[in-house]
Amino acid sequence: MRPSLTPRGLLLAGLAFALPVVLIVVPLAIFVVYSFFSVDHGTMVYTPTLANYGRFFTDPVFIPVLVTTCILCVSVAVICVVVGYPVAYFLASLRGRWRYTLLLLMLVPLLMSYVIKIYAIRSILGQNGFLNAALMTLGIIDKPSSLFVFNLNAVLLALTLLLIPFAILPIFLSLERIPGNLLQASYDLGATGTQTFLRVTLPLSLPGVASAASFVFVLAIGDFLTPQMVGGTSSFTFSRIIYSQFGAAFNWPFGAALSIVLAIVVILAILVGERFGQQEAAR
Amino acid sequence: MTASLRPASLFLALVTALVGIVLYCPLLVPILSSFFTVTHGQADWSSPTFAAYVALAQNDDILSALRATMIVGFSTVVLSVSIGTLLALYHNGRGAGAALLQFLVFLPFLMPPIITGLALLIFFREVEFPRSLVTVVIGHTVFVLAIVYRTVLTRLRSLSKTLVEASLDLGASRWQTFWRVILPNIAGAMAGGAVLAFALSFDETMITILVTGTTSTLPVRLWAMMRLGFSPDINALVALVLMFTILLCILAARLLMPAKDRAAH
């Protein structure tokens, strides 16, 4: 099983790498190359050009949309972490089988159909939806509110709802790894519960928080279905613009260039998450 | 973690309960709507009905999408489990080559699906491979390979080296060792990986939308219908799909939980 430099070993290595290279590396490479081509009246022009990237930087539309999208996804990440942290903390404080049963319960919605969840969220948030109906029944509002109908607020809420489990898991794992005797030591030295939390638990769980935030951010920024479905016609996110380049706008090379920009943002987010996580863990 | 934080623990429990309710709300809405007639957000609780389920059995459009999803799912499982297991066996996850291999396998899983999907779309177009369910299967396999590979690799690493050495010392050939020692030990992980792969493939929407041809899978079909709103039979289907997914989750959890933990439950 150990690979070696014999002809047989090289053959095996070739076979092992063949598939990932053909189906993963080659498509991604073509994708990058495509971003340097252009389209003229619906036909592809295979002459290398930087025009697509030039358009991204000079057109007044794309950078603001990217910034808005980043702010949106950072907000989603922050809300998910703020909501997910107490849940993870509570789960980690439980003992025995309850701990993992409840954790599993929190994670099950992840495996449920994405499209169906978006649809359900839309029917909850909509003008005639359950949320408005409930608020009206409770007498909080007297006519249906359109605050969460087909706008960025709706996208923010929907993404948060979809992605919370992704925040709970990493935070739970980092909390679970904190040795109990550290907390015991803190109490023995006279720290109160709040002090122990702020000085011991919280700093030690920050790597989990960092990876939770970067997970959620990456998933939120790559999602083009949710904004399309609950965002209405006006709230454009970056992924949605990319998607439209391959549909209505039919400009694949430009779409590829925008995707490369998205990939760079995603890679930065992953690196930041990882860096921050490791730094804290090393202390 | 501590008993001295009683009010705080109560608060945390409350938050957890609320989050749980909020997470399950979107799942409950279609299930309830499948049994009751809903008009303008107000459900008619007085008369539960199975009409939606009857209508579903006659909706050929949806049933053929379901069939396509099943075909794609099983093909994806067969491909990803065999390739993922072979890759894990080949390198056992150590050394620079293994790190590179792992990085490559994980790329499509880490990148946003829109990028993986678009890269494959352009690739298929450039090599003039017509888009069909075959391209969907390839897309899904590329996407779920990382999960199967990782699951099998984790089990392989936890497999004690002495077991393999003992088998070889006792005169078993490499093949015998593989069939009698390694395979039985990783079978559970392979099965768990297969269930996860199926669950992911069953639900995959973003890559599928980009690489599919004329026949679409269930999530893509649902996606197309969603713009117009769902008829009651779709709610029935949704309820069935959710139950099926819950079964898959339980199955995956059982298969992936190590035997000693299982005994404790």
Side-chain angles (χ1 to χ4, degrees), chain A residues 1 3 12-13 16-17 19-20 23-28 30-31 34 83 86-87 89-91 93 97 104-106 108-109 111-117 119-121 123-124 128-130 132-133 161 164-165 183 193 218 221-222 224-225 229 239 242-243 246 252 255-256 259 262-263 266 270, chain B residues 1-2 4-5 8-9 12-13 15-16 19-20 22-27 29-30 40-42 83 86-87 89-92 97 101 104-105 107-108 110-115 118-123 126 138 142 199 203 205-206 210 219 222-223 226 230 238 241-242 245-246 248-249 253 265:
Chain A
M1 263 185 296
L12 273 177
F17 277 91
L19 196 103
L23 288 181
I24 297 167
V25 180
V26 171
L28 284 175
I30 294 179
F31 195 50
Y34 239 72
V83 175
V87 176
Y89 189 89
F90 177 71
L91 295 179
S93 72
R97 64 190 298 181
L104 203 65
L105 268 180
M106 289 290 172
V108 160
L111 282 171
M112 300 293 175
S113 174
Y114 204 74
V115 171
I116 292 169
K117 277 186 291 185
Y119 172 71
I121 292 172
S123 67
I124 292 171
N128 298 317
F130 285 83
N132 267 325
L161 217 57
I164 282 177
L183 303 178
V218 167
I221 204 168
F224 61 94
L225 296 179
M229 203 58 224
S239 302
I242 295 177
Y243 183 56
F246 288 80
W252 288 21
S259 305
L262 178 71
V266 165
I270 294 176
Chain B
M1 257 165 255
T2 162
S4 69
L5 284 167
S9 311
L12 290 174
V15 172
T16 307
V19 170
V22 165
L23 284 179
Y24 277 87
C25 249
L27 307 177
V29 171
H40 300 293
Q42 295 294 336
I83 298 169
L86 283 177
L87 287 182
L89 280 172
Y90 166 68
H91 238 309
N92 234 337
L101 192 64
L104 291 184
V105 168
L107 255 186
L110 290 176
M111 280 286 117
I114 188 170
I115 292 182
L118 290 178
L120 284 172
L121 171 65
I122 292 179
F123 174 68
E126 284 303 304
I138 295 175
V142 165
D203 186 33
T205 319
M206 294 195 226
L210 296 168
L222 288 176
W223 170 248
M226 201 154 71
F230 287 168
V238 166
V241 168
L242 292 183
T245 318
I246 290 174
L248 277 186
C249 295
H265 276 255

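Side chains are part of it too, since the values below use all heavy atoms of this structure and drop only hydrogens, waters and symmetry mates. Just so it is clear: chains get the letters A, B, ... in the order the sequence lines come, proteins before strands, and each one is counted from 1.
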Note to self: Counting C-beta onward and ignoring hydrogens, is there a side-chain heavy-atom pair between Leu104(B) and Phe17(A) closer than 4.5 Å?
What the structure shows: yes
Ranking Val22(B), Leu210(B), Val241(B) by heavy-atom pairs under 4.5 Å to chain A gives rank one to Val22(B)
Under 4.5 Å to a heavy atom of chain B? For Phe224(A) that would be both
Turns out that what part of Leu161(A) lies under 4.5 Å from chain B's heavy atoms comes down to both
In this structure, CG of Leu23(A) is separated from CD1 of Ile138(B) (nearest 0.5 Å) by 6.0 Å
Between the CG atom in Leu27(B) and the CD1 atom in Ile116(A), the distance rounded to the nearest 0.5 Å is 9.0 Å
One should read off an interatomic distance between Leu23(B) CG and Lys117(A) NZ, to the nearest 0.5 angstrom, of 8.5 Å
Heavy-atom check, side chain of Thr16(B) versus side chain of Met106(A), under 4.5 Å
yes
For Pro27(A) and Leu120(B), the nearest pair of non-hydrogen atoms, with its separation, is CG-CD2, 4.1 Å
In this structure, OG1 of Thr205(B) is separated from OH of Tyr114(A) (nearest 0.5 Å) by 9.0 Å
Whatever's closer than 4.5 Å to a heavy atom in chain A on Ala13(B) counts as both
Cut-off 4.5 Å, heavy atoms of chain B, and the answer for Ile164(A) is side chain
Highest number of heavy-atom pairs under 4.5 Å with chain B among Ala120(A), Gly222(A), Pro109(A) belongs to Pro109(A)
Heaviest contributor of heavy-atom pairs below 4.5 Å to chain B, chosen from Val266(A), Leu225(A), Leu262(A), is Leu225(A)
ask   = Do Phe31(A) and Leu121(B) have side chains that get closer than 4.5 Å, going by heavy atoms?
value = no
Task: Within-4.5 Å side-chain heavy-atom neighbours: Leu101(B) and Pro20(A) - done: yes
(Q) Can you confirm whether Ile114(B) sits close enough to Ser259(A) that some side-chain heavy atom of one is under 4.5 Å from a side-chain heavy atom of the other? (A) no
The side-chain contact (heavy atoms from CB on, under 4.5 Å) partners of Val26(A) (sequence neighbours excluded) come to Val21(A), Ile30(A), Phe123(B)
- Query: Taking the side chain as C-beta and beyond, is there a heavy-atom pair between Val15(B) and Phe90(A) under 4.5 Å?
  - Reply: no
*Does the side chain of Leu118(B) reach to within under 4.5 Å of the side chain of Tyr243(A), using non-hydrogen atoms?*
no
* Asked: Within a strict 4.5 Å, meaning less than it, do heavy atoms of the Leu28(A) and Ile115(B) side chains meet?
  -> yes
